Amino acid sequence: MIEVEKRFAIEDLYSAYGSCLDNDKLEEWLDLFVEKCVYKITPKQNVTLGLPVTLMLCENKNMLRDRIVSLRQANEYSIHTDKHLISNVCIKAEVDANIMMVEANYALFQTDNEGNGSLYSFGTYIDEVFFNKNVPKFLSKTVIVENWSIPHMLSTPI
Amino acid sequence: MSLNVEWQRRDYSRVPYWLYHDTDLYNHEQKLIFRGTTWSYLCLEAEIPEVGDFKTTWVGDTPILINRNKDGKIHAVVNRCAHRGAAVCRHAQGNTKVHTCIYHRWSYDLTGNLIGIPFQRGIQGMGGMDDDFDKADHGLRKLRVACYQGIIFGSFSEDSEDLEDYLGPMMQGHITRLFCKPIKILGYQRQRIHGNWKLYLENLRDTYHASLLHEFLVTFGLDRATQKGGVEMDERHRHNLTYAHASSDNDSDAKEAYGGHEINSDKLKLLDPSLLEFRQEYTDDRNLAISTMFPNASFQQLNNSLATRQIQPKGVNAFDLIWTYFGYTDDDTDMTNHRLRQLNLFGPGGLVSMEDAEAIEIAHKASFSEERDSSTVIEVGGKGEISDRAYRVNDVPIRGFWSYYAELMGIEPDGAFR
Ligand SMILES: [Fe+2]
């Protein structure tokens with residue numbers, strides 16, 4: 001039986017996750033991951049075919065930090081704002097007292113610099129959430145992109 | 001309709017913007033380029049290794065089905081039923097003995113021959129086709145197919161030169177280097193870019209933009225215009241190779257050359273530099289070698305990231321870009337992981353490639369309404385002669401692209417450079 005406090009803490013984690021990305025708080029978004037984290041974005045096609053290629057692969061938090069520094073200082077990309085809708089947050093398993101397998105669905109809408117919006121990406125998060133005391137963070141996060149032909153380009157995290 | 005293009009210059013250092021936006025021109029491109037005398041990249045042999053394996057793709061905007069037949073030979077056909085024009089095969093890839101159109105169940109063997117028509121003789125003598133209907137006349141349209149080092153190419157024309165001549169020694173050399181050993185497919189990335197397909201073919205031939213647009217390269221010292229390198233083309237200047245040698249410049253050279261443009265590499269270092277590690281795999285020390293084949297593909301090495309890119313036009317305003325990543329069958333787990341890590345650099349979200357989509361989309365958008373006499377400027381590395389350069393800041397191969405494009409389209413100016 002999973003404690004109700006933990007369930008609420010996980011829900012808060014997903015809310016914070018979407019809110020950081022939607023409000024361009026990418027540095028705060030980093031704080032939602034533990035140091036030994038893995039973050040990847042995978043096209044559904046490769047999952048289906050059993051192939052390992054990702055769209056983004058950060059094997060530790062430093063790689064994730066590098067991504068964000070690069071986005072801030074070295075990359076040029078489509079001017080946009082994000083809106084994440086995250087739903088069906090579901091605790092699939094308790095690996096041990098501190099780690100839980102969690103899945104959720106996401107839809108990500110993007111608005112361009114002239115106010116035109118579109119559904120940019122949708123899919124599933126397959127995550128491991130680690131509890132340090134009562135604070136949950138992502139130990140791993142795999143974004144499986146259902147619409148795997150990426151519109152335009154991929155810049156900010158999903 | 002005959003095409004009439006008023007070139008301001010016969011060396012293609014000016015290209016009218018309307019050529020990126022005209023629907024009639026697009027239709028001619030499909031006929032004269034993609035279904036003309038060119039060879040197009042179809043896929044890799046490693047994607048259809050077994051008898052009965054198939055894959056669907058596009059050449060220009062024509063749907064293509066590629067099969068490996070019983071004898072191991074590869075056949076490519078237009079994926080359009082000879083009966084009512086429906087796509088015969090609706091899957092991206094798979095394995096089968098026969099392809100059957102779902103509409104009226106006409107079926108085709110792996111070479112594209114029509115082998116079955118339901119109710120051809122009717123039911124109890126009623127209905128069916130006339131006796132003079134010959135299945136042999138109604139197969140799927142067959143392409144010429146040729147393989148080179150495990151890459152499958154197709155051509156719509158019986159008159160096109162042999163594949164090897166089409167590639168020429170430059171492309172053959174690059175492909176042979178990249179495909180020096182048996183490969184294994186690591187996976188795919190795909191994106192839709194909202195711009196004309198030619199903008200991407202140009203982008204791949206534009207060495208000038210590389211270290212300016214893709215700031216990551218310079219910021220983190222991966223690739224700089226001051227490195228030893230250059231561009232090579234085939235004799236007809238339709239294909240190109242851009243290359244650079246690892247560690248062939250230093251920070252002070254770079255600072256001087258980039259002038260006002262800031263070099264961040266002193267203050268910015270990756271916290272995890274494994275992304276940039278270069279393990280020399282070939283006899284030379286090139287850490288960047290990207291070739292582009294007219295009209296629809298690119299074959300690339302950057303450090304240890306290996307891939308093909310395929311361009312599929314989707315009307316005048318968009319194209320799909322498909323990245324197929326591979327390693328070698330003798331890679332150990334560590335090397336495979338290294339390649340997978342380095343593909344952070346490429347693809348729709350690549351640290352050194354995401355900008356291309358944006359550059360193409362803003363160029364397409366902003367040039368849309370230009371007058372017929374308004375042209376883009378292509379003369380970095382000089383005007384006039386189209387030839388190889390042993391330096392990196394140039395866009396000469398773009399002019400090579402246009403010279404062959406104009407020849408195929410029958411729109412060369414008098415005294416055109418080739
Ligand atoms: Fe580029």
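It should be emphasised that the depicted structure is a prediction, and the values quoted were computed from it without experimental measurement. Convention: sequence-line order gives letters A, B, ...; per-chain numbering from 1.
More than 12 non-hydrogen atoms from other residues, nucleotides or ligands lie less than 6.0 angstrom from OH of B/Tyr328. Within a 6.0 Å radius of CG in A/Asn134, no more than 12 heavy atoms belonging to other residues, nucleotides or ligands are found. A 6.0 Å sphere centred on CZ of B/Arg279 holds more than 12 heavy atoms belonging to other residues, nucleotides or ligands. Within a 6.0 Å radius of NZ in B/Lys184, other residues, nucleotides and ligands contribute more than 12 heavy atoms. Shown here is A/Lys40, whose NZ atom has no more than 12 heavy atoms of other residues, nucleotides or ligands within 6.0 Å. At most 12 non-hydrogen atoms from other residues, nucleotides or ligands lie less than 6.0 angstrom from CD1 of A/Ile79.
For A/Pro43, the part sitting under 4.5 Å from any heavy atom of chain B is the side chain, from C-beta outward, and nothing else. If you measure heavy-atom distances from A/Leu49 to chain B, the contacts under 4.5 Å come from the side chain alone. Contact of A/Leu71 with chain B is made through the side chain alone, with heavy-atom distances under 4.5 Å.
By a heavy-atom distance cut of under 4.5 Å, not one residue of residues 14-39 of chain A is near chain B. Of all residues in residues 142-150 of chain A, those placing a non-hydrogen atom less than 4.5 angstrom from a non-hydrogen atom of chain B are A/Trp148, A/Ser149, A/Ile150.
A donor-acceptor pair is defined here as one N or O able to donate and one able to accept, closer than 3.5 Å; no such pair exists between the side chain of B/Asp272 and the backbone of A/Asp66.
Applying the ring-ring contact (aromatic ring centres under 6.0 Å, His included) criterion to B/His21, with sequence neighbours excluded, gives B/His364, B/Phe368.
Of all heavy-atom pairs spanning B/Tyr325 and A/Val53, the tightest one is CB-CG2, 3.8 Å.
Atoms CG and CG, on B/Leu271 and A/Asn62 in that order, are 4.5 Å from each other to the nearest 0.5 Å. Rounding to the nearest 0.5 Å places CZ of B/Phe326 at 14.5 Å from CG of A/Leu51.
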Considering only distance and modelled atom types, tabulate donor-acceptor pairs under 3.5 Å from the side chains of residues 339-362 of chain B, sequence neighbours left out.
unit_1   : atom_1 : unit_2   : atom_2 : d
B/Arg339 : NE     : B/Asp331 : OD2    : 2.8
B/Arg339 : NH1    : B/Glu281 : OE2    : 2.9
B/Arg339 : NH1    : B/Asn304 : O      : 3.1
B/Arg339 : NH2    : B/Glu281 : OE1    : 2.7
B/Arg339 : NH2    : B/Asp331 : OD1    : 3.1
B/Arg339 : NH2    : B/Asp331 : OD2    : 3.3
B/Arg341 : NE     : A/Glu59  : OE1    : 2.6
B/Gln342 : OE1    : B/Asn304 : N      : 2.7
B/Gln342 : NE2    : B/Leu275 : O      : 3.0
B/Gln342 : NE2    : B/Glu277 : O      : 2.6
B/Asn344 : OD1    : A/Leu57  : N      : 2.8
B/Asn344 : OD1    : A/Arg67  : NH2    : 3.4
B/Asn344 : ND2    : A/Leu57  : O      : 2.7
B/Asn344 : ND2    : B/Arg341 : O      : 2.9
B/Ser353 : OG     : B/Gly347 : N      : 3.1
B/Ser353 : OG     : B/Gly347 : O      : 2.7
B/Glu355 : OE1    : B/His214 : ND1    : 2.9
B/Glu355 : OE2    : A/Asn75  : ND2    : 2.7
B/Glu355 : OE2    : A/Glu76  : N      : 3.1
B/Asp356 : OD1    : B/Asn203 : ND2    : 2.9
B/Asp356 : OD1    : B/His209 : NE2    : 3.1
B/Asp356 : OD1    : B/His214 : NE2    : 2.9
B/Asp356 : OD2    : B/His214 : NE2    : 3.4
B/Glu361 : OE1    : A/His152 : ND1    : 2.8
B/Glu361 : OE2    : A/His152 : ND1    : 2.8
B/Glu361 : OE2    : B/His194 : N      : 2.8

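Between chain B and the residues A/Ser70, A/Gly50, A/Ser155, the most heavy-atom pairs under 4.5 angstrom are made by A/Ser70.
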